[in-house]
Amino acid sequence: MEIPQTVALVPAFNEAPRLAPVLEVILSSPLVQKTIVIDDGSRDNTSKVAAGYPVELLRLEENRGKGAALQAGLQHAPGAAFYLFLDADLLNFRHEHIAALLQPLQENEQVAMSVGIFRSGYKKSVNLAQHYFSILNGQRGLRRSFVEILPDLGWSRFGVEILLSRYAALAGLEVAQPELRGISHVTKEEKLGFIRGFDYRLQMFSECLFSLFNYKKMMLRHPGNVPPKVLAKLR
Ligand SMILES: Nc1nc2c(ncn2[C@@H]2O[C@H](COP(=O)(O)OP(=O)(O)OP(=O)(O)O)[C@@H](O)[C@H]2O)c(=O)[nH]1
Ligand SMILES: [Mg+2]
């Protein structure tokens with residue numbers, strides 16, 4: 001079987017109303033050869049929507065969080081040159097954003113990961129959050145050599161982006177931050193209403209903080225493929 005150059009991974013948890021336009025952009029991009037949607041335990045029609053498109057659908061019964069979903073996607077498609085992580089709830093998402101994430105990886109072999117920065121999206125609150133918390137952006141490109149030395153992401157849930165960024169820094173790897181202009185996303189409050197959305201946001205923050213303060217300890221416990229010389233820095 002031919003190994004694709006670029007694989008897009010789309011973690012999707014209860015995203016049935018938002019998934020289709022995101023998949024249409026990815027599937028019509030000449031830069032992506034395979035798309036994997038990971039739905040772990042959605043209670044809506046996320047899997048049904050995904051099954052209407054030529055994607056590989058990983059449907060896991062039990063919810064294990066965003067980090068575990070991305071890890072399942074990576075394990076499902078080993079050997080690709082590049083992996084894209086793309087959220088299922090993007091707005092104003094276009095081909096140029098895919099190109100922007102891949103370009104630094106293609107142009108400079110030293111770049112292990114690209115992390116998209118949302119700029120000039122029409123939602124001011126999202127722009128502001130991006131300004132201060134760009135480490136949290138889920139739109140990323142990863143080179144195979146980086147994927148092959150990743151720690152276990154399975155515990156990290158919404159802390160997965162913090163884990164990836166902190167790990168890259170620890171391993172001394174270069175990270176690019178391409179701007180993704182005009183892109184935005186649907187917030188939790190918009191998806192679930194203010195109270196449930198805000199509650200879910202607090203849960204996300206607590207998972208992010210757990211990752212921020214415990215990633216070293218957790219990496220020692222769950223090292224995955226981290227090379228011994230990087231693990232030694234944790235002790
Ligand atoms: N498969 C899977 N996907 C998840 C899980 N949690 C979040 N996701 C997906 O990860 C992406 C980002 O999640 P969001 O809840 O939108 O988080 P966010 O965009 O960082 O936060 P907001 O500020 O609320 O927009 C979306 O595509 C979600 O569907 C999960 O447990 N499993
Ligand atoms: Mg979102």
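Every number for a ligand or one of its atoms is a count from 1 in the order of the listing. Here the structure is a predicted model, which means the values were calculated and not measured.
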**Message:** Using the rule given for side chain to side chain donor-acceptor pair (under 3.5 Å), can you reason through Glu148 versus Asn225, listing the C-alpha separation, both sets of side-chain angles and the distance that settles it, and then say yes or no?
**Reply:** CA-CA 7 Å; Glu148 285 172 351; Asn225 297 318; over 6 Å; no
**Message:** Need the ligand 1 atom indices (1-based, order shown) with element for anything under 4.0 Å from a heavy-atom of Val186.
**Reply:** 25 (O)
**Message:** Side chain or backbone, does Thr187 bring an N or O within less than 3.5 Å of an N or O on ligand 1?
**Reply:** no
**Prompt:** What is the closest protein heavy atom to atom 9 (C) of ligand 1, and at what distance does it sit?
**Reply:** Pro11 O, 3.4 Å
**Prompt:** Between the candidates Phe13, Phe198, Phe158, Phe205, which shows the shortest non-hydrogen contact distance to atom 13 (O) of ligand 1?
**Reply:** Phe158
**Request:** Carefully, step by step, assess Val32 and Val7 under the rule side chain to side chain contact (heavy atoms under 4.5 Å, CB included).
**Result:** CA-CA 6 Å; Val32 179; Val7 175; over 6 Å; no
**Asked** Should the proximity of Met204 to ligand 1, defined as any heavy atom under 4.0 Å, be assigned to the side chain, the backbone, both, or neither?
**Response** side chain
**Message:** Need the ligand 1 atom indices (1-based, order shown) with element for anything under 4.0 Å from a heavy-atom of Lys191.
**Reply:** 14 (P), 15 (O), 16 (O)
**Asked** At the 4.0 Å heavy-atom cut-off, does Gly65 count as touching ligand 1?
**Response** yes
**Prompt:** Which word best sums up how the rings of Tyr167 and Phe146 line up, parallel for under 30°, tilted for 30 to 60°, or perpendicular for over 60°?
**Reply:** parallel
**Fill in**
Here the atoms of ligand 1 under 4.0 Å from any heavy atom belonging to Asn63 are 30 (C), 31 (O), 32 (N)
**Prompt:** Is any NZ, NE, NH1 or NH2 atom of the basic residue among Arg140 and Glu161 found under 4.0 Å from an Asp or Glu carboxylate oxygen of the other?
**Reply:** no
**Request:** Could you list which atoms of ligand 1 come closer than 4.0 Å to a heavy atom of Asp87?
**Result:** 11 (C), 12 (C), 27 (O)
**Message:** Looking at non-hydrogen atoms alone, which of Glu189, Lys188, Glu207 comes nearest to atom 18 (P) of ligand 1?
**Reply:** Lys188
**Prompt:** Taking a hydrophobic cluster as the set of Ile, Leu, Val, Met, Phe, Trp and Tyr residues connected by side-chain heavy atoms closer than 4.5 Å, whether directly or through intermediates, do Val175 and Leu84 fall within one such cluster?
**Reply:** no
**Ion pair Asp87/Lys66, N-O distance below 4.0 Å** = yes
**Message:** Quick check on Arg64: does its CZ atom have over 12 non-hydrogen neighbours (other residues, nucleotides or ligands) under 6.0 Å away?
**Reply:** no
**Complete:** Only residue of Val115, Leu90, Ile117 satisfying side chain to side chain contact (heavy atoms under 4.5 Å, CB included) with Gln139 is Leu90
**Complete:** If you scan protein heavy atoms around atom 25 (O) of ligand 1, the nearest is His185 CE1, 2.8 Å
**Message:** What I want to know is whether Ile38 and ligand 1 share at least one N or O pair that is separated by under 3.5 angstrom.
**Reply:** yes
**Message:** How close do Pro4 and Gln33 get, counting heavy atoms only, and between which atoms?
**Reply:** CB-CB, 3.6 Å
**Request:** Considering heavy atoms of the protein only, find what lies nearest to atom 23 (O) of ligand 1 and give residue, atom and distance to 0.1 Å.
**Result:** Arg201 NH1, 3.0 Å
**Prompt:** Which heavy-atom pair separates Lys34 from Ala77 by the least distance, and what is that distance?
**Reply:** CD-CB, 4.3 Å
**Request:** Quick one: closest heavy-atom pair of Cys208 and Ile162, and the distance?
**Result:** O-CD1, 3.4 Å
**Asked** Does any N/O atom on Asp40 come nearer than 3.5 Å to any N/O atom on ligand 1?
**Response** yes
**Asked** For the Mg ion (ligand 2), what is the closest N, O or S atom on His185?
**Response** ND1
**Item:** atom 16 (O) of ligand 1 - nearest protein heavy atom and its distance
**Value:** Asp89 OD2, 2.8 Å
**Complete:** Looking at Asp89, the N/O/S atom that lies nearest to the Mg ion (ligand 2) is called OD2
**Message:** With heavy-atom distances below 4.0 Å as the criterion, list the atoms of ligand 1 near Glu15.
**Reply:** 26 (C), 27 (O), 28 (C), 29 (O)
**Request:** Check whether any side-chain heavy atom of Phe93 sits under 4.5 Å from a side-chain heavy atom of Ile98, and report yes or no.
**Result:** yes
**Asked** Where's the contact between Ala69 and ligand 1, heavy-atom distance under 4.0 Å: side chain, backbone, both or neither?
**Response** side chain
